[in-house]
Amino acid sequence: WGPYVLETFQSDKIYTLVRNEKWFGFNEPERFPYQTTKIQCDFVSEPATRLEMFLNGQLDTYGLQRDDMETYAKSEYTYYNEGDSVFAMVFNPNLEAMTANQAAAGENINKTILTVKDFRVAMSLAMNRQEFVLATSPVNAPAFALYGSQIVANPEEGIFYRNTEEAQKVVVRFWGLEEEIGEGKLYATVEDAIDSISGYNLEMAREYFDKAYDEAMSLGLMKEGDVVSIMVGTPNNTSAFYNNGYDYIVNNYTEAVKGTKLEGKLEFSRDATLGNGFADALRTNKVDMLFGVGWTGSTFDPYGLMEAYVKESYQYDSAWNTQEAIMEMELDGVKYSGTVYDWYLAMSGETKAFTNVDTKESVNLNFAYSTDSEKTARRIYVLSQMEDRVLQNYNFIPLMNASSANLKGMQIKYYTEDEMFPMGRGGLRFQTYNYNDAEWDAFVAEQGGTLNYK
């Protein structure tokens, strides 16, 4: 019952869609002015081949890669799009599994230091996010929280979650700036503090590497002569993003531990055979670390998106048992206690029992969707507290946002040149054409078969 139906399909090769003449919308051209009559999608894995096809007029759009930016970053045909998602470095610090993997790895190979939170804090502080995105995907920007700037907390009033006071507090708290804001302090406002964040503090990172080493030694998780060996998982070894990202990680952290007790004791290896099973590989501790991974979608439902971080079947860090982990939250001056997962369920509309921390009484709470502004504000507060709790584990460490840059072919025309969140530039519904197919073929031939988008 949609505007297009599947015409042909060949796995890993091609599929085509054609107009669905039974769809009601084609009888209302003013509301649904679709000009496109057929859509052909070709599977082409290599970016260089896709670019060649695009320049030859065979594709309508091309997603720019890192190596394309010098040539096309300022092209009049390049369109930048800000996404709503955040991608991260993720760990699954399962002590039991890492102890077993460590024993199997042989003498003087250490993995259990990854279960020490200070080590993961150091990994976060030692990551120069700006350099990372320049090395891997220059159209992206560094990320400093669980949710990106395009997530909407209240669609009725057009309130973006990241702009709310509670969500901003999460960011400054995570980066240790909460006590630096106010009159006579380092930052006059929360906004000033957030604008200052780079996520990179090598001096502090080295302090945390030393603290983590000392703690691991005192707990018997590490001994003299051990080398920390981190297995990084990637879907493949053909993607420039993963290849450049892995190289950056190795070089970055090798340099970062210089002058610390881990100097010369940190090494990396890589499993690049994971394909779409990368998340399961981390959950089952076949690898120790992933990067550039996360969850997309739920632009208008950040409350539901929290499921990805607290439900066992979705969590990257499945060692965190959210059905047992206790979380306290203060509401209207009263502290309540309950499991992390129950807080999520209550935020999702279920009535759950929590304990009044002072009186020990059981109280039923529910933070379901509501059009009432006060109830929505409370729901946003609960969401912010849960985001804070996830971040403070340092198992899902924000790395970069999900922006993109695309070359638009000369044949097509967007409804608007300016991106209108969340509708983009009109999409296929409002897309029009400067040439029909025959005219387009003639135009490409006139240009010698290769178009100039520089």
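Every value quoted in this text rests on a predicted model; they were computed, and no experiment measured them. When a residue number appears, it is its place in the shown sequence, counting from 1.
Contact of the Lys169 side chain with the Ser384 side chain is not registered, since no non-hydrogen atoms from C-beta on lie closer than 4.5 Å. A 4.5 Å side-chain heavy-atom check between Tyr213 and Met222 finds at least one atom pair inside the cut-off. Annotation: side chain of Glu215 is in contact with side chain of Leu219 (closest heavy-atom distance under 4.5 Å). You'll find the side chain of Tyr309 stays beyond 4.5 Å of the side chain of Tyr316, heavy atoms only. At least one side-chain heavy atom of Pro398 sits less than 4.5 Å from a side-chain heavy atom of Leu391. Residues Met289 and Met89 are in side-chain contact: their nearest non-hydrogen atoms beyond the backbone lie under 4.5 Å apart. With a 4.5 Å cut-off on side-chain heavy atoms, Ser11 and Phe43 do not count as touching. Side-chain contact between Phe91 and Ile397: present, with at least one pair of heavy atoms (C-beta onward) separated by less than 4.5 Å.
Counting heavy atoms of neighbouring residues, nucleotides and ligands inside a 6.0 Å radius, atom CD of Glu165 does not exceed 12 of them. The neighbour count for Lys117 NZ, taken as heavy atoms of other residues, nucleotides or ligands under 6.0 Å away, is above 12. Within a 6.0 Å radius of CD in Glu312, no more than 12 heavy atoms belonging to other residues, nucleotides or ligands are found. Within a 6.0 Å sphere centred on OH of Tyr314, heavy atoms belonging to other residues, nucleotides or ligands number 12 at most. Annotation: Glu374, atom CD; neighbour count of heavy atoms from other residues, nucleotides and ligands within 6.0 Å does not exceed 12. Counting non-hydrogen atoms of neighbouring residues, nucleotides and ligands closer than 6.0 angstrom, the CE atom of Met204 reaches no more than 12 such neighbours. Within 6.0 Å of atom CD in Glu96, 12 or fewer heavy atoms from other residues, nucleotides or ligands are found, so the atom counts as exposed in its surroundings. In the displayed structure, Asn276 atom CG is contacted under 6.0 Å by at most 12 heavy atoms of other residues, nucleotides or ligands.
Under the 4.0 Å criterion applied to side-chain N and carboxylate O atoms, Lys111 and Asp288 are assigned as salt-bridge partners. Between Lys211 and Asp214, no side-chain nitrogen of the basic residue sits less than 4.0 Å from a carboxylate oxygen of the acidic one, so the salt-bridge criterion is not met. Taking 4.0 Å as the cut-off between side-chain N and carboxylate O, Arg162 and Glu387 count as a salt-bridged pair.
Arg129 places no side-chain N or O within 3.5 Å of a backbone atom of Ser198 that could act as its donor or acceptor partner. A donor-acceptor distance shorter than 3.5 angstrom exists from the side chain of Asn366 to the backbone of Ala368, with no hydrogens or angles considered. Between the side chain of Ser196 and the main chain of Ala193, a donor-acceptor pair closer than 3.5 Å is present. Checked by atom type and distance alone, the side chain of Asp342 never pairs as donor or acceptor with a backbone atom of Thr339 at under 3.5 Å.
With 3.5 Å as the limit, one finds a donor-acceptor pair spanning the side chains of Asn395 and Arg120. Between the side chains of Thr61 and Arg50, no donor N or O sits under 3.5 Å from an acceptor N or O. Under 3.5 Å, the side chains of Arg270 and Thr234 contain a donor-acceptor pair of N or O atoms. Thr8 and Thr16 share a side-chain donor-acceptor pair at under 3.5 Å. In this model, no donor atom of one side chain and acceptor atom of the other lie less than 3.5 Å apart for Tyr344 and Thr322. Residues Tyr248 and Glu131 bring a donor and an acceptor atom of their side chains to less than 3.5 Å of each other.
The two atoms that bring Asn406 and Asn81 nearest to each other are ND2-ND2, 3.2 Å, heavy atoms only.
Between Phe119 and Tyr208, the gap from one ring centroid to the other reaches at least 6.0 Å. In summary, the aromatic rings of Tyr394 and Phe174 are positioned with their centroids under 6.0 Å apart. Side-chain rings of Tyr453 and Phe54 approach one another, their centers coming within less than 6.0 Å.
The residue from Asn154, Ile159, Val152 that alone fulfils the side-chain contact (heavy atoms from CB on, under 4.5 Å) condition with Glu156 is Asn154. Checking each of Leu114, Thr112, Ile109 against Gln102 for a side-chain contact (heavy atoms from CB on, under 4.5 Å) leaves exactly one that passes, namely Thr112.
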Check step by step if side chain to side chain contact (heavy atoms under 4.5 Å, CB included) holds for Leu383 and Tyr147. CA-CA 11 Å; Leu383 176 65; Tyr147 288 163; 3.8 Å; yes
Between Ile39 and Leu428, is a side chain to side chain contact (heavy atoms under 4.5 Å, CB included) present by the stated rule, with each step listed? CA-CA 10 Å; Ile39 305 164; Leu428 197 65; 3.4 Å; yes
Evaluate the side chain to side chain contact (heavy atoms under 4.5 Å, CB included) criterion for residues Phe396 and Leu146: first the C-alpha distance (whole Å), next the side-chain angles of each, then the deciding distance (0.1 Å), finally the verdict. CA-CA 8 Å; Phe396 189 97; Leu146 197 65; 3.5 Å; yes
Evaluate the criterion side chain to side chain contact (heavy atoms under 4.5 Å, CB included) for residue pair Ile113 and Leu221; output intermediate values, then yes/no. CA-CA 6 Å; Ile113 195 173; Leu221 298 175; 5.9 Å; no
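Here the CH2-CD distance, from Trp295 to Glu307, works out to 9.0 Å after rounding to the nearest 0.5 Å. Rounded to the nearest 0.5 angstrom, Asp247 CG and Phe268 CZ are separated by 12.0 Å. Leu64 contributes atom CG, which lies 5.0 Å from atom OG1 of Thr78 (distance to the nearest 0.5 angstrom). Here the CD atom belonging to Gln150 is positioned 5.5 Å from the CZ atom belonging to Phe160, to the nearest 0.5 angstrom. Between the OG atom in Ser85 and the CG atom in Leu305 there is a gap of 7.5 Å [rounded to 0.5 Å]. Note that the NZ atom of Lys185 and the CG atom of Asp192 stand 14.0 Å from one another [nearest 0.5 Å].
For Thr71, the side-chain contact (heavy atoms from CB on, under 4.5 Å) criterion is met by Lys454, not counting sequence neighbours. Applying the side-chain contact (heavy atoms from CB on, under 4.5 Å) rule to Ala325 yields the partners Trp320, Val340, Arg389; only residues at least two apart in sequence or on another chain are considered.
A cation-pi geometry, defined here as NZ or CZ lying under 6.0 Å from the six-membered ring centre and within 45° of its normal, does not hold between Arg425 and Tyr79.
Note: Phe241 and Phe291 have tilted aromatic rings, judged against thresholds of 30 and 60 degrees for the angle between ring planes.
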